[in-house]
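Inspection log for the structure reproduced underneath, given as structure tokens.
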Amino acid sequence: MDFSFSPASLVNIIFIAIGIGICLLCILQITASIHIQKIIRRYFQFFFLFILLYITSHLVREIMNGLPGEGVRAGLYIVTFIEMVSAGIMAQMMSLLILVVAKKGEKINGIALVIHSLFLAHLIMLIAFWPFDLVYTFDANNVYSRGPLYILSNLVPLLMLLLDSYLLIRYRKNIAKSVATAFWLYIVVPVVAIIIQSFTNGIQLIIFATVICAFYMFSVVIYRQTMVYQQQKVDSSRIEAELTMASSIQSDMLPSIYPAFPERSEFDIYASMNPAKEVGGDFYNFFLVDDDHLCIMIADVSGKGVPAALFMMASMIVLANNAMIGKSPAKILTDANASICSNNREGMFVTAWLGILELSTGKLVAANAGHEFPVIYEPGGKFEYLKDKHGLVIGGFPDIVYQEYTVNLKPGSKLFIYTDGVTEATASNDELYGFDRLKDALNSNTSSHPQEMCEQVSKSINEFVKDAEQFDDITMLCLEYKGK
């Protein structure tokens with residue numbers, strides 16, 4: 001069996017061997033680059049896989065070309081068919097790569113259908129012409145030669161190159177200049193190589209040009225994607241740092257030092273907020289309006305994240321400012337609502353419960369703006385929901401006038417207020433924690449101090465939801481009135 005090669009064949013084999021090494025390295029690199037956009041990584045993997053298949057089948061044909069035997073002849077037809085199919089898929093992947101880079105994650109179904117249709121036409125043509133030796137043939141000595149319709153085997157890849165040119169021109173504003181240049185080189189250089197190789201007596205410059213241009217295109221696109229990824233990491237780190245600072249600022253605005261009023265024997269109070277995100281939309285507050293009146297509030301802003309946190313801080317300040325000048329709970333909510341509605345272009349709103357406790361008598365005057373029912377414990381009894389009258393949320397309509405009611409607390413009475421993140425805490429089976437479980441948790445030890453009361457509710461919630469994700473802020477406040 002004669003394995004001697006012409007000088008042109010030896011050059012082709014060297015080109016192909018180098019190309020195989022480059023393709024393998026590129027496949028390994030793109031597989032390891034998990035930070036690259038998934039769809040781009042997938043198309044590049046297929047792109048280099050079929051370049052590898054294309055040049056490997058060409059290498060096998062170069063080695064087998066002219067060897068005797070019917071088995072060799074059948075093998076030559078098969079590897080040549082694989083080579084030409086691979087050329088079509090390479091063109092297809094190139095067009096899809098340009099498309100996904102240009103569209104930046106948008107749907108590509110319409111144009112992609114045209115690309116897939118062109119490849120299907122290429123495949124059908126190769127299958128239809130194969131039995132008639134119209135595209136390629138092998139003589140009696142198993143030497144390769146082009147068939148009379150060989151030009152048609154390049155028709156679809158050429159049409160795809162024209163489509164690539166159209167896509168690059170149409171989406172030129174969407175593609176970075178360095179990436180567009182790499183794409184253009186892949187389109188133009190192989191065409192130039194084909195022209196040159198027509199004067200080189202069989203040297204397949206097209207293979208070397210294709211591999212080198214594909215490698216350069218790969219390097220530019222991957223470099224660009226890596227730069228975008230690194231910038232995203234920087235931005236993400238900056239945002240994370242800013243959110244951490246925002247969370248700290250928000251926490252600092254809420255009373256968090258306990259016991260809150262160690263010099264006062266008339267009451268004990270404790271509150272906590274566990275945000276679902278870095279910053280929350282719930283808030284609570286308590287402060288002495290004067291020596292005999294304690295203001296207590298809890299609220300839940302619509303939405304989540306930073307917008308809710310900003311609205312929360314603004315709402316908290318407005319409510320506190322109105323309370324500090326001695327207004328009644330109904331007047332506080334009415335005036336706060338008017339103030340918030342006057343500059344609320346985003347249409348956000350807040351539910352709120354606000355009460356003012358007269359420490360000398362236990363008289364609690366409260367108003368409710370669409371918030372959850374408070375839970376009251378009277379000495380010798382159990383925690384029960386106080387079905388108070390709800391007003392509309394704050395921030396909805398500017399002319400709302402809120403109503404207030406009075407509850408007389410006795411020494412030993414307890415008040416528990418909360419946001420809907422408590423009752424709507426959700427287990428993995430989508431079951432809600434609910435009002436009954438909350439009341440049961442409170443009644444499990446009615447003699448607990450306010451901090452212990454909040455902790456036993458938190459424990460009950462955690463045991464219920466287990467490992468399920470927290471979707472809403474969980475905020476609660478407990479007050480025990482001790483009297484004079």
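All heavy atoms count here, side chains included; hydrogens, waters and symmetry mates do not.
Sparse packing is recorded around CG of D436, with 12 or fewer heavy atoms of other residues, nucleotides or ligands lying under 6.0 Å away. More than 12 heavy atoms of other residues, nucleotides or ligands lie within 6.0 Å of OH in Y385, so this atom counts as buried by the packing criterion. Residue F287 places its CZ atom among more than 12 non-hydrogen atoms of other residues, nucleotides or ligands, all under 6.0 Å distant.
Between the side chain of N462 and the main chain of K466, no donor-acceptor pair closer than 3.5 Å is present. A donor-acceptor pair under 3.5 Å is absent between the side-chain atoms of H116 and the main chain of V114, judged by distance alone. Listed for the H58 side chain is no donor-acceptor partner under 3.5 Å among the backbone atoms of L53. Under the 3.5 Å distance criterion, the side-chain polar atoms of Y481 are matched with a main-chain donor or acceptor of L359. In this structure, N368 contributes its side chain and H390 its backbone to no donor-acceptor pair below 3.5 Å. A donor-acceptor pair is defined here as one N or O able to donate and one able to accept, closer than 3.5 Å; no such pair exists between the side chain of Y171 and the backbone of Y166. In this structure, the side chain of S413 engages the main chain of K410 through a donor-acceptor pair within 3.5 Å. Distance alone, capped at 3.5 Å, is enough to place a donor-acceptor pair between the T426 side chain and the E424 backbone. Counting only distance, with no hydrogens or angles, the side chain of T446 and the backbone of N443 share no donor-acceptor pair below 3.5 Å. At distances below 3.5 Å, not a single donor-acceptor pair connects side-chain atoms of D420 with backbone N or O atoms of E372.
Of the residues I417, V375, L415, V407, the one that meets the side chain to side chain contact (heavy atoms under 4.5 Å, CB included) test with L386 is V407. Only one option out of V301, V350, I400 pairs with I394 in a side chain to side chain contact (heavy atoms under 4.5 Å, CB included); it is V350.
You'll find the side chain of L442 reaches within 4.5 Å of the side chain of M453, heavy atoms only.
Remark: R264 engages D291 in a salt bridge, criterion side-chain N to carboxylate O under 4.0 Å. One finds a salt bridge joining E384 and K439 here, because a Lys/Arg side-chain nitrogen approaches an Asp/Glu carboxylate oxygen to under 4.0 Å. Between E431 and R437 there is a salt bridge, since a side-chain N of the basic residue sits under 4.0 Å from a carboxylate O of the acidic one.
The side-chain tip of K482 does not point at the ring of F267 from less than 6.0 angstrom away and within 45° of straight on.
Residues passing the side chain to side chain donor-acceptor pair (under 3.5 Å) test with T351 are H371, sequence neighbours excluded. Partners of S265 under the side chain to side chain donor-acceptor pair (under 3.5 Å) rule, at least two apart in sequence or in another chain, do not exist in this structure.
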Could you list the donor-acceptor pairs under 3.5 angstrom formed between side-chain atoms of residues 312-335 and any protein atom two or more places apart in sequence or on another chain?
residue: S315; atom: OG; partner: F311; partner atom: O; Å: 2.8
residue: N321; atom: ND2; partner: I317; partner atom: O; Å: 3.3
residue: N322; atom: OD1; partner: K327; partner atom: NZ; Å: 2.6
residue: N322; atom: ND2; partner: V318; partner atom: O; Å: 2.8
residue: K327; atom: NZ; partner: D335; partner atom: OD2; Å: 2.6
residue: S328; atom: OG; partner: K331; partner atom: N; Å: 3.3
residue: S328; atom: OG; partner: E404; partner atom: OE1; Å: 3.4
residue: K331; atom: NZ; partner: D335; partner atom: OD1; Å: 3.3
residue: T334; atom: OG1; partner: A330; partner atom: O; Å: 2.8
residue: T334; atom: OG1; partner: Y402; partner atom: N; Å: 3.0

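A donor-acceptor pair shorter than 3.5 Å cannot be found between the side chains of T475 and D473. At a cut-off of 3.5 Å, with distance as the only test, no side-chain donor of Q456 or E452 sits close to an acceptor on the other residue. Neither side chain, E83 nor S86, offers a donor N or O lying under 3.5 Å from an acceptor on the other.
Aromatic ring centres of F218 and F48: separated by under 6.0 Å. F464 and Y433 have their aromatic ring centers within a separation under 6.0 angstrom. In this structure, Y186 has its ring center closer than 6.0 angstrom to the ring center of F47. In this structure, the ring of H449 has its center no less than 6.0 angstrom from the ring center of Y270.
To the nearest 0.5 Å, atom CD1 of residue I296 and atom OH of residue Y284 are 13.5 Å apart.
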query: After noting the C-alpha distance and the side-chain angles of S458 and E455, does the key distance pass the side-chain hydrogen bond (donor to acceptor under 3.5 Å, both in side chains) rule?
result: CA-CA 5 Å; S458 293; E455 288 172 352; over 6 Å; no

